[in-house]
Amino acid sequence: MAGFALRSTAAWRFVRLSSLLRSSVSVPGIHTTASPLMGATVEQFEEAKNKLSTLKKDPGNEVKLKIYALFKQSTQGPCNTPKPGMLDFVNKAKWDAWKSLGSISQDEARQEYCDLIGSLLTAEGQGPAQVAAKPAGGGASYETLLVTTEDGITTIKLNRPAKKNAITTEMYDEIIAALDQAAKDDCVITVFTGAGDFYCSGNDLTNFTKIPEDGVEAMARSAGDLLRKYVKAYIDFPKPLIAVVNGPAVGVSVTVLGLFDLVYATERATFHTPFSQLGQSAEGCSSYTFPKMMGNAKASEMLLFNKKLTAAQACSLGLVTEVFPDSSFQSEVWSRLKAYAQLPRNSLALSKQLIRSIEKEQLYAVNDAEVERLMERWTSDECFNAIMSFFQAKAKL
Ligand SMILES: CCC/C=C/C(=O)SCCNC(=O)CCNC(=O)[C@H](O)C(C)(C)COP(=O)([O-])OP(=O)([O-])OC[C@H]1O[C@@H](n2cnc3c(N)ncnc32)[C@H](O)[C@@H]1OP(=O)([O-])[O-]
């Protein structure tokens, strides 16, 4: 396994902050009447743009590419320019980053742009930034997430759109930390969503390629410990937890949905758990929650036979609460969430805990059993061959 030849995106190493600033000179095409529910105002966007030049530290190329992409999406909409040639490394990296935002609206991109600059400024002690929603957790900043608190809602947004928000080891740790912080903050509800056109493509398969010196078994043990802790963070989460599924969802991002209190999805979302195809097995307590919510036969179609569900099918099986048209998804869902966040905080949390307490011990036991099974699967030839195929680009879901 250690010998995998991984695909590299080293091109972004060449992107310079100065070129980002140059690209931020004009803002054609911005609507001046953005709804505060949907995105930052033009004034906030302009302020964020101006504050970008006050950053003292270089935020790193991956972040700079995100800033570039969000700027382009905010000002020009979805990427519509021809793909640069293979050898034009810098422009290809920038084009990829812009393209990865898919069809998210200019309002939404502007909000993400402001959130990102705000979190960078706060991390440098320049905050609290006045550019948009304030970063949650007393200024905690994350490499792979955007976490903000506004109007009683803490939002945890997976923020690796170029990799379809695949969850790296670092990201599991950050999500656990963000959930822990949200559990203790003043917010009424917590929302989980993804940046760009995907909700999440599941476990980042490169996690399996980082073999420690003490071998594959040690890698499987430490991955198992992390997964157990990750799923437990959802089981134990004490407040209403709501998924805003903004696009396709794969693997572990689908299975843990059974531990959310509400799941709102765009009609564009799909739900796919290709565990057998990957030589793996179910996790996220789905071997218990899925049969409970949709019956054994439908759960087996998903968890054993890799059936990908549309949003409408997932809704009819109880995995999704409600499906919205893609064009009005963000505005409809966020106005609803804002109204929910006006409800009494303690009453909501206590009612959620009552519902969860009935099966908490059961969920811990299921989590343990699933992790045990997976630790064995991760050392199997079936799993090894499936992951090799993915990186050799022979197989895609
Ligand atoms: C731990 C607990 C157990 C967990 C179980 C699970 O979650 S099982 C489920 C595990 N999940 C899977 O098996 C999903 C595997 N992924 C796929 O099948 C497809 O990428 C797709 C259908 C998600 C999107 O297809 P698309 O044609 O729309 O987009 P694209 O393919 O061009 O992707 C853009 C870039 O993102 C990269 N990237 C994306 N996802 C992952 C990932 N998970 N990993 C790593 N990288 C990933 C991709 O390589 C590419 O990188 P590049 O070349 O630019 O350097």
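Fair warning: this is a prediction, and the values are worked out from it, not measured in the lab. Order of listing sets the numbers, starting from 1, for every ligand and every atom in it.
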Student: May I ask you to identify, for Phe208, whether its side chain, its backbone, both or neither come under 4.0 Å of ligand 1 on a heavy-atom basis?
Tutor: neither
Student: Quick test of your reading of the structure: of His272, Arg160, Lys163, whose heavy atom lies closest to atom 50 (C) of ligand 1?
Tutor: Lys163
Student: Which heavy atom in Ala265 sits nearest to a heavy atom in Ala269, and how many Å separate them?
Tutor: CB-CB, 4.2 Å
Student: Describe, in one word, how the ring planes of Phe45 and Phe71 are oriented to each other, choosing from parallel (under 30°), tilted (30 to 60°) and perpendicular (over 60°).
Tutor: parallel
Student: Ignoring angles and geometry beyond distance, decide whether Asn203 reaches within less than 3.5 Å of ligand 1 through its nitrogen or oxygen atoms.
Tutor: yes
Student: Heavy atoms, side chains only, cut-off 4.5 Å: are Ser286 and Thr273 in contact?
Tutor: no
Student: Any Lys/Arg nitrogen of Lys239 or Asp185 sitting under 4.0 Å from an Asp/Glu carboxylate oxygen of the other?
Tutor: yes
Student: So is Val250 polar-close to ligand 1, meaning N/O to N/O under 3.5 Å?
Tutor: no
Student: For ligand 1, indicate whether the residue Ser201 contacts it via side chain, backbone, both or neither (heavy-atom separation under 4.0 Å).
Tutor: both
Student: Need the ligand 1 atom indices (1-based, order shown) with element for anything under 4.0 Å from a heavy-atom of Ala166.
Tutor: 41 (C), 42 (C), 43 (N), 44 (N)
Student: So, is Val252 polar-close to ligand 1, with some N/O to N/O distance under 3.5 Å?
Tutor: yes
Student: May I ask you to decide whether Arg336 forms a salt bridge with Glu322, counting only side-chain N to carboxylate O separations under 4.0 Å?
Tutor: yes
Student: Just jot down the side-chain contact (heavy atoms from CB on, under 4.5 Å) partners of Ala299, sequence neighbours excluded, or say none.
Tutor: Phe290, Pro291, Met294
Student: Could you list which atoms of ligand 1 come closer than 4.0 Å to a heavy atom of Asp204?
Tutor: 44 (N), 45 (C)
Student: How about Leu309 and His272: do any of their side-chain heavy atoms sit closer than 4.5 Å?
Tutor: no
Student: Closer than 4.0 Å to some heavy atom of Phe198 - which atoms of ligand 1 meet that?
Tutor: 23 (C), 24 (C)
Student: Where's the contact between Pro248 and ligand 1, heavy-atom distance under 4.0 Å: side chain, backbone, both or neither?
Tutor: neither
Student: What part of Tyr230 sits under 4.0 Å from ligand 1 if we count only heavy atoms: the side chain, the backbone, both or neither?
Tutor: neither
Student: Suppose I only count heavy atoms of Ala162 and a 4.0 Å limit; which atoms of ligand 1 are within that range?
Tutor: 34 (C), 35 (C), 36 (O)
Student: Any pair with a residue in residues 262-285 that passes salt bridge (charged side-chain N to carboxylate O under 4.0 Å, His left out), sequence neighbours left out, goes on the list, sorted by first then second residue, please.
Tutor: Arg268-Asp326
Student: At less than 4.0 angstrom from any non-hydrogen atom of Leu278, what atoms of ligand 1 do you find?
Tutor: 8 (S), 9 (C), 10 (C), 13 (O)
Student: Is the shortest side-chain heavy-atom distance between Thr270 and Tyr199 below 4.5 Å?
Tutor: no
Student: Tyr172 heavy atoms, cut-off 4.0 Å: which ligand 1 atoms fall inside?
Tutor: 1 (C)
Student: Taking side chain as C-beta onward, heavy atoms only, is Val244 less than 4.5 Å from Phe329?
Tutor: yes
Student: Please list, in number order, the atoms of ligand 1 under 4.0 Å from a heavy atom of Gly202.
Tutor: 7 (O)
